[in-house]
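Remarks on the structure that follows.
Letters A, B, ... mirror the listed sequences (proteins, then strands); counts begin at 1. Keep in mind the model is a prediction, meaning the values are calculated, not measured.
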Amino acid sequence: MAEKELTNYFEDFLTKQPLFVNKKALQINYTPEDIPHRDEQIKNIAGILAPALRMEKPSNLFIYGKTGTGKTVSITKVSSDLMKIAEKNNIPLKILYLNCKLKRVADTEYRLIAQLTREFGVEVPATGLPTDEIYKIFMRSIDQKKMLVVIILDEIDQLVKKIDDGILYNLTRLNHELKNTEMTLIGISNDLTFTAELDPRVKSSLGEEELVFPPYNAIQLQSILKNRVELAFRPQVLEDGVIEKCAAYAAREHGDARRALELIRVAGEIAERNNEIRVLMKHIDDAQEKIERDRVLDNISTQPKQFKLTLFSIFSMSFIGNKPIFTGDIYEIYKDACVKVGLKPLTQRRVSDIIAELDMLGIINAKVISKGRYGRTREIRLAIPTSTVPKVRDLLKSSLGL
DNA sequence: CGAGATTCATGTGAAGTATACCTTTAGGCTTAA
DNA sequence: AAGCCTAAAGGTATACTTCACATGAATCTCGTA
């Protein structure tokens, strides 16, 4: 009986008209043929990088703009076009792209350089080498023959926030020591005030050229969505107003186009799963919630055990009334939890740092306050929607074995 | 009553420690001439 | 004798601990009106 139902389900699935014709067009890493409303920026980038084709070192470039304003697509578009021409004309050009935010890949000076070296096809150990040694290996592998290298560092502000700006200074200085190769740095930052905090030397050498990506407005978002939707969905499957609603939602989030595209993709997936023949308005709301939930869950599940345990303690506390939570209380619960799980408790000092990091990740809000006579502490609140709290709890429980 | 001192609970910085991993080097073993 | 393997020595990055000091407003203290 059950088996029959399953077979039927699959057959239905096959005969049903799919909503999507090319879902790829909505995925994050998709680079469309043309990028609307970014002509000027793209022309600028192209102009800056073009000298590479004549074997002249392009200027270093600094790009600002909030998330989802097309920075990454624009730069990948330009660089892939540039590479095509370079290959055709046998110009020795190499473009490396690296996202600095990835935890355990590029979030320290050593790991960043190691990763760059690996991108170059040279295997290097994850630890154990002196940092200047890894610089040497990197330079050696990059400097073997005459060529141009463009290094794109995405979310560079995260990196500098975590370490310090000495790494950028080292990178810019590296160029002077290279014999054959010339290196161009492109930094991408979400934080518009980023350069204000930089060492002036770094600022002047890295910011030879600067480019700002303004946020999209709702109208522009709509046209972007229309373009992609035509590629991705069968005609006529979207209810009227769906695109407008998506655009409005995303515009509210400082014009984040990535968000808008994800929203409509997930809405489509939800509609498909619910056996709807069209994507309706309400699916967008569902999608909004699902995206947020997935983002949080994904983020949390990749955290180390101690982080999860700390978070779990915070969650346990937050269930007792709606009062603000303080570090000391959490640490008590955390210690108990450690015993239950069989993990050695970390010191309060360390837990304090972990709480600060969880705050940076946006899972919680922690504000340092002074309670006067009663000391000083962090006032902690959950920063995730209440609807996803139970799911997160379950995730934490199961991954900690509770 | 109000200015200044006190106090609490924890934030925060610096320095030290443990662990995991790396390269180099020297000694011992095997092998081939 | 040359070549190869292994283990020890010496080094690093990272996560964490230890120690010591910094914070900042509620509360206390005490002089003054």
Side-chain angles (χ1 to χ4, degrees), chain A residues 98 100-141 158-171 174 197 299-314 316-318 320 323-339 341-381 383 399-400:
Chain A
L98 191 58
C100 303
K101 204 176 65 178
L102 299 174
K103 209 167 185 180
R104 304 190 169 277
V105 175
D107 60 351
T108 70
E109 182 169 10
Y110 180 91
R111 295 213 257 245
L112 177 82
I113 304 299
Q115 187 59 31
L116 285 176
T117 314
R118 253 174 245 133
E119 297 273 330
F120 243 79
V122 180
E123 268 314 306
V124 288
T127 166
L129 293 185
T131 306
D132 55 340
E133 188 66 23
I134 199 84
Y135 268 106
K136 272 184 215 148
I137 295 176
F138 176 62
M139 282 181 51
R140 212 176 306 135
S141 50
Q158 300 285 329
L159 183 71
V160 172
K161 216 177 282 170
K162 255 202 112 139
I163 326 163
D164 66 281
D165 55 11
I167 180 173
L168 295 183
Y169 181 64
N170 285 341
L171 276 174
L174 215 53
E197 299 145 28
N299 198 341
I300 290 173
S301 62
T302 56
Q303 295 301 320
K305 257 221 162 77
Q306 294 287 7
F307 281 59
K308 285 184 187 163
L309 210 50
T310 311
L311 197 56
F312 176 75
S313 311
I314 296 172
S316 316
M317 280 294 291
S318 70
I320 311 167
K323 293 186 198 124
I325 319 166
F326 303 116
T327 308
D329 307 329
I330 287 175
Y331 188 63
E332 289 308 311
I333 295 190
Y334 162 81
K335 273 196 293 191
D336 288 351
C338 274
V339 174
V341 180
L343 229 58
K344 194 167 152 263
L346 301 177
T347 46
Q348 183 156 345
R349 176 72 185 80
R350 179 61 184 148
V351 171
S352 174
D353 280 351
I354 289 178
I355 291 174
E357 285 194 49
L358 288 173
D359 180 38
M360 288 260 285
L361 288 168
I363 303 171
I364 59 174
N365 280 321
K367 204 172 74 189
V368 180
I369 56 159
S370 175
K371 289 191 292 168
R373 186 79 212 305
Y374 303 106
R376 193 173 136 79
T377 184
R378 280 199 174 88
E379 190 182 78
I380 299 162
R381 300 173 190 285
S399 70
L400 290 167

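- At the phosphate of dT12(B), OP1 or OP2 sits under 4.0 Å from a side-chain N or O atom of R378(A).
- Between the C1' atom of dT12(C) and the CZ atom of R111(A) lies a distance of 13 Å, rounded to the nearest Å.
- Between the P atom of dC16(C) and the CZ atom of R349(A) lies a distance of 12 Å, rounded to the nearest Å.
- Judged purely by distance below 3.5 Å, without hydrogens or angles, the side chains of R378(A) and S352(A) pair a donor atom with an acceptor atom.
- The separation between E357(A) atom CD and dT14(C) atom C1' is 12 Å, rounded to whole Å.
- A close approach under 4.0 Å does occur between a side-chain nitrogen or oxygen of R350(A) and OP1 or OP2 of dC16(C).
- Put simply, CD1 on I354(A) is 15 Å from P on dT12(B), counting in whole angstrom units.
- Under a 3.5 Å cut-off, the side chain of T377(A) and the backbone N or O of T327(A) do form a donor-acceptor pair.
- Put simply, S370(A) has no side-chain N or O that comes within less than 4.0 Å of OP1 or OP2 on dA25(C).
- Between T327(A) and dG11(B), a side-chain N or O to OP1/OP2 separation shorter than 4.0 Å is present.
- Annotation for Q306(A) and Y334(A): closest pair OE1-OH, 2.7 Å, computed over non-hydrogen atoms.
- As a whole-Å value, the separation of E379(A) CD from dA9(B) P is 17 Å.
- In this view, F312(A) satisfies the ring-ring contact (aromatic ring centres under 6.0 Å, His included) rule with no residue, not counting sequence neighbours.
- Between its opening and closing five pairs, the helix from dC1(B)-dG31(C) to dT31(B)-dA1(C) changes axis direction by 20°, a value rounded to 10 degrees.
- Dashed line: the shortest gap from a side-chain N or O of S352(A) to OP1 or OP2 of dG11(B) is under 4.0 Å.
- Remark: R376(A) is not in phosphate contact with dA25(C), judged by side-chain N or O atoms under 4.0 Å from OP1 or OP2.
- Going from atom CD1 of I113(A) over to atom C1' of dT12(C) covers 16 Å, rounded to whole Å.
- The nearest pair of heavy atoms linking V341(A) to L400(A) is CG1-O, 3.7 Å.
- Smallest separation of non-hydrogen atoms from D359(A) and A366(A): OD1-N, 3.2 Å.
- If you take CG of D329(A) and C1' of dC8(B), they are 15 Å apart, rounded to a whole angstrom.
- Whole-Å rounding puts the Y374(A) OH to dT6(B) C1' distance at 14 Å.
- Without hydrogens or angle criteria, S141(A) side chain to I137(A) main chain gives a donor-acceptor distance under 3.5 Å.
- Residue T347(A) has its side chain nearest to dT18(C) when only dT14(C), dT18(C), dT7(B) are considered.
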